[in-house]
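Comments concern the structure below.
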Amino acid sequence: MKIFIVYAHPEPRSLNGSLRDRMVATLTAEGHEVIVSDLYAQGWKAALDGADFPAEAAGTRLDVVAASHRAFAEGTQTADVAEEQRRLLWADAVILQFPLWWFSMPAILKGWVERVYAHGFAYGVGEHSDRRWGDRYGEGVFAGKRAMLVVTTGGWSEHYLERGINGPIDDLLFPIQHGILFYPGFSVLDPFVVYRASKMDAQRFESVATELDRRLSKLFVDAPIAYRPQNGGDYEIPSMRLKEGLEQAGQQGFRLHRS
Ligand code: FAD
């Protein structure tokens with residue numbers, strides 16, 4: 001199968017760099033084709049701005065959504081963005097790998113999403129009417145593909161549990177897993193999270209890497225997170241509110257969107 005890793009760490013000799021190398025070696029040994037976008041090494045431009053739309057007339061007010069739509073539809077996107085879109089379309093599975101920085105992804109990776117996810121490509125797709133709010137949340141350009149996060153944190157695992165000071169990790173990752181991955185159609189696997197990354201030595205690294213190998217071997221086998229598809233009948237139209245009574249007792253917050 002074809003695996004696309006989007007990797008966001010500035011230091012190749014970091015823990016993330018070691019885990020990235022391990023993933024490439026493991027996946028390649030299993031017979032997969034692997035492409036890595038190493039955002040810092042590529043000098044990825046993080047900010048979405050007017051330079052992304054070279055065909056827009058100079059001096060016109062920048063309407064980002066409209067400009068993104070035109071550039072994607074008319075093939076006038078910058079070459080770096082078009083190449084990342086090509087890699088996404090090529091892949092059967094996409095892995096986003098990053099250290100947790102301020103409870104989210106590093107800015108360079110957020111900028112990758114903002115620039116690569118063009119209007120008409122990853123959003124603004126399908127029928128938008130009183131009856132339907134487009135092809136999203138389970139449908140979209142990446143339907144049929146799998147995605148997984150590989151994340152390292154400084155905080156302990158206990159800090160990310162239900163009553164932990166940082167909040168549950170599933171809640172913190174919800175905007176990425178549900179908003180960035182499920183929205184344009186990916187089936188999202190549980191994340192692979194390495195907590196308390198600073199407490200790493202050769203022995204722990206080997207055990208973490210072995211568990212990562214195991215997860216990679218199940219990339220096309222493990223059941224994805226059971227997010228509710230937008231157009232599967234669970235949401236009222238057009239308010240897009242989850243219908244009353246579908247939740248289990250006590251289920252609330254982001255967890256409402258899991259069936
Ligand atoms: P590194 O610092 O490169 O390495 C970690 C340890 O692993 C080191 O001891 C290193 O020697 C060892 N190591 C590396 N490779 C190997 C190997 N092959 N074998 C054995 N040992 C190895 N944390 C949170 O929990 N929440 C936050 O919100 C948060 N925000 C942050 C914001 C910023 C701006 C920064 C800089 C850090 C933040 N952190 C946060 C901490 C951050 O998540 C961790 O520093 C990061 O996840 C560690 O990953 P790394 O790849 O940078 O590790």
Side-chain angles (χ1 to χ4, degrees), residues 3-30 32 34-48 84 93-116 147-182 188-217 219 225 253-255:
I3 322 282
F4 177 30
I5 300 172
V6 185
Y7 166 80
H9 197 292
E11 172 55 65
R13 293 160 295 179
S14 62
L15 176 61
N16 272 272
S18 296
L19 293 173
R20 185 265 319 263
D21 294 346
R22 176 72 169 231
M23 285 202 287
V24 172
T26 298
L27 291 167
T28 305
E30 286 183 3
H32 299 296
V34 184
I35 292 180
V36 179
S37 282
D38 182 339
L39 299 186
Y40 285 93
Q42 289 172 214
W44 181 259
K45 170 181 171 289
L48 168 61
E84 298 300 313
V94 174
I95 294 172
L96 304 184
Q97 189 199 347
F98 57 92
L100 195 70
W101 281 1
W102 290 109
F103 305 102
S104 188
M105 46 173 59
I108 198 169
L109 181 54
K110 179 73 176 352
W112 178 90
V113 177
E114 291 175 14
R115 294 184 58 226
V116 174
M148 184 173 94
L149 303 183
V150 173
V151 184
T152 62
T153 80
W156 299 17
S157 59
E158 291 90 331
H159 303 177
Y160 290 97
L161 293 178
E162 198 59 40
R163 296 167 72 88
I165 181 76
N166 293 336
I169 193 72
D170 286 342
D171 283 7
L172 293 169
L173 297 180
F174 183 85
I176 303 173
Q177 298 193 133
H178 186 263
I180 290 173
L181 295 174
F182 187 60
V188 186
L189 300 174
D190 280 329
F192 183 83
V193 184
V194 181
Y195 296 100
R196 208 181 182 187
S198 62
K199 293 287 175 217
M200 190 63 61
D201 57 22
Q203 190 182 357
R204 183 173 174 220
F205 179 83
E206 198 43 45
S207 114
V208 165
T210 301
E211 177 58 14
L212 181 55
D213 290 347
R214 196 191 64 74
R215 287 293 310 275
L216 293 176
S217 73
L219 199 52
I225 300 170
F254 290 142
R255 266 144 287 180

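Whatever order the structure lists them in is the order used to number ligands and atoms, beginning at 1. It should be emphasised that the depicted structure is a prediction, and the values quoted were computed from it without experimental measurement.
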Salt bridge present between Glu162 and Arg255 (N-O < 4.0 angstrom): yes

Ile35 CD1 to Ile5 CD1 distance, which is reported to the nearest 0.5 Å: 10.5 Å

Cation over ring face, Arg215 and Phe192, 6.0 Å, 45°: no

Per-ligand residue contacts, ligand 1, heavy-atom threshold under 4.0 Å: His9, Ser14, Leu15, Asn16, Ser18, Pro99, Leu100, Trp101, Trp102, Phe103, Thr152, Thr153, Gly154, Gly155, Tyr160, Ala197, Ser198, Met200, Asp201, Phe205

Parallel, tilted or perpendicular: ring planes of Tyr160 versus Phe103, cut at 30 and 60 degrees: tilted

Electrostatic pair Glu114-Lys110, nearest N-O below 4.0 angstrom: yes

Residues Glu206 and Arg22 bridged, charged N to O under 4.0 Å: yes

